[in-house]
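Please read all numbers here as calculations on a predicted model, not as lab measurements.
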Amino acid sequence: MERIDKILAHEGFGSRKDIKKLLRKAEVLVNGTQIFDSSFQIDTEKDEVSVDGEVLNLHGELYLMMNKPQHVVSSNKDGEHQTVFDLLDDKYRTPYLQDHLHLVGRLDMDTEGLLLFTTDGELTHRLISPKSHVNKTYLCCLEHPESPEHQSEITRLFAAGIEVGPDDNDPGFTCEPAQIKWIDESTACLTIYEGKYHQVKRMFIAVGNKIAFLKRISMGRLELDPSLKPGEYKELYEEDLAKLV
């Protein structure tokens with residue numbers, strides 16, 4: 001059991017002194033009954049708490065899908081650039097979430113698409129573990145068109161596991177087998193089963209081309225919601241999470 005003023009303070013409603021004022025001015029309900037006593041005890045596992053009609057999560061695990069825009073950093077803090085956390089509403093900036101909400105993997109600054117946030121460390125470990133082999137599909141727009149013959153050769157090389165060269169301080173490596181589906185002469189969907197540094201870009205460099213635009217469109221069977229504009233996001237629920245593993 002926890003005091004309601006402690007819970008509301010953790011949820012970002014201010015100090016315990018602020019909570020006393022809140023209980024007088026706002027409609028704070030526990031299981032539908034309005035509460036005025038700041039020492040009122042609640043069970044965070046069973047009780048439902050709402051403030052002016054908005055039901056609080058009470059530290060249940062949180063899952064967010066964002067359509068990450070270009071030129072935004074996949075990080076919590078960055079001294080020079082806007083971060084994906086800067087795009088979140090204030091309700092996702094409570095002291096508890098500032099300590100626990102994190103990214104599941106990353107996307108490069110110039111890459112768009114599906115990015116996950118969660119407080120669920122166990123899920124994060126399962127998804128990013130090299131043993132998991134969760135597939136990730138990217139829409140790839142290339143700088144140069146490819147002939148049908150070279151498309152077939154690229155398909156063969158990627159399926160066999162292509163060797164890529166070093167990038168910055170990261171050494172070269174042999175990729176796991178990957179699948180590519182060509183949309184036209186310079187656009188394809190590439191599915192990989194790992195997530196090494198600049199991997200997709202390095203794969204196309206290895207076959208003599210470069211990425212002009214890159215967007216992650218799915219993880220596992222979870223697809224990026226097409227209604228989300230760049231920078232927009234939504235909460236995910238159990239039926240969504242089942243598509244990740």
Is the shortest side-chain heavy-atom distance between H71 and Q82 below 4.5 Å?
no
Do F213 and E112 touch side chain to side chain, with heavy atoms closer than 4.5 Å?
yes
Using side-chain heavy atoms (C-beta onward) and a distance below 4.5 Å, is V84 in contact with L107?
no
State whether a side-chain donor-acceptor pair under 3.5 Å links D37 with S39.
yes
Modelled atom types, side-chain donor and acceptor of Y197 and D167, under 3.5 Å:
no
Donor-acceptor side-chain pairing of T119 and E61 below 3.5 angstrom:
yes
To the nearest 0.5 Å, what is the distance between CE on M219 and CG on N135?
9.0 Å
Cationic N near anionic O, under 4.0 Å, D89 to K91
no
Any L244 side-chain heavy atom under 4.5 Å of V104 side chain
no
Taking S15 for the side chain and D18 for the main chain, is one N or O donor matched with an acceptor at less than 3.5 Å?
yes
Can you confirm whether the side chains of E238 and Y63 place a donor and an acceptor under 3.5 Å from each other?
no
Point-to-point distance, once rounded to the nearest 0.5 Å, from CZ of F173 to CD of E194
5.5 Å
Supply the atom-to-atom distance I183 CD1 to L139 CG, rounded to the nearest 0.5 angstrom.
5.5 Å
Is there a side-chain contact between D108 and L214 (heavy atoms, below 4.5 Å)?
no
Are any of the side-chain heavy atoms of F40 and T33 separated by less than 4.5 Å?
no
Do the side chains of D110 and K201 get close enough for a salt bridge, i.e. N-O under 4.0 angstrom?
yes
Would you please name every residue forming a side-chain hydrogen bond (donor to acceptor under 3.5 Å, both in side chains) with N67, sequence neighbours left out?
none
Holding to ring-ring contact (aromatic ring centres under 6.0 Å, His included), I want the full list of residues that pass it with H102, two or more places apart in sequence or in another chain.
none
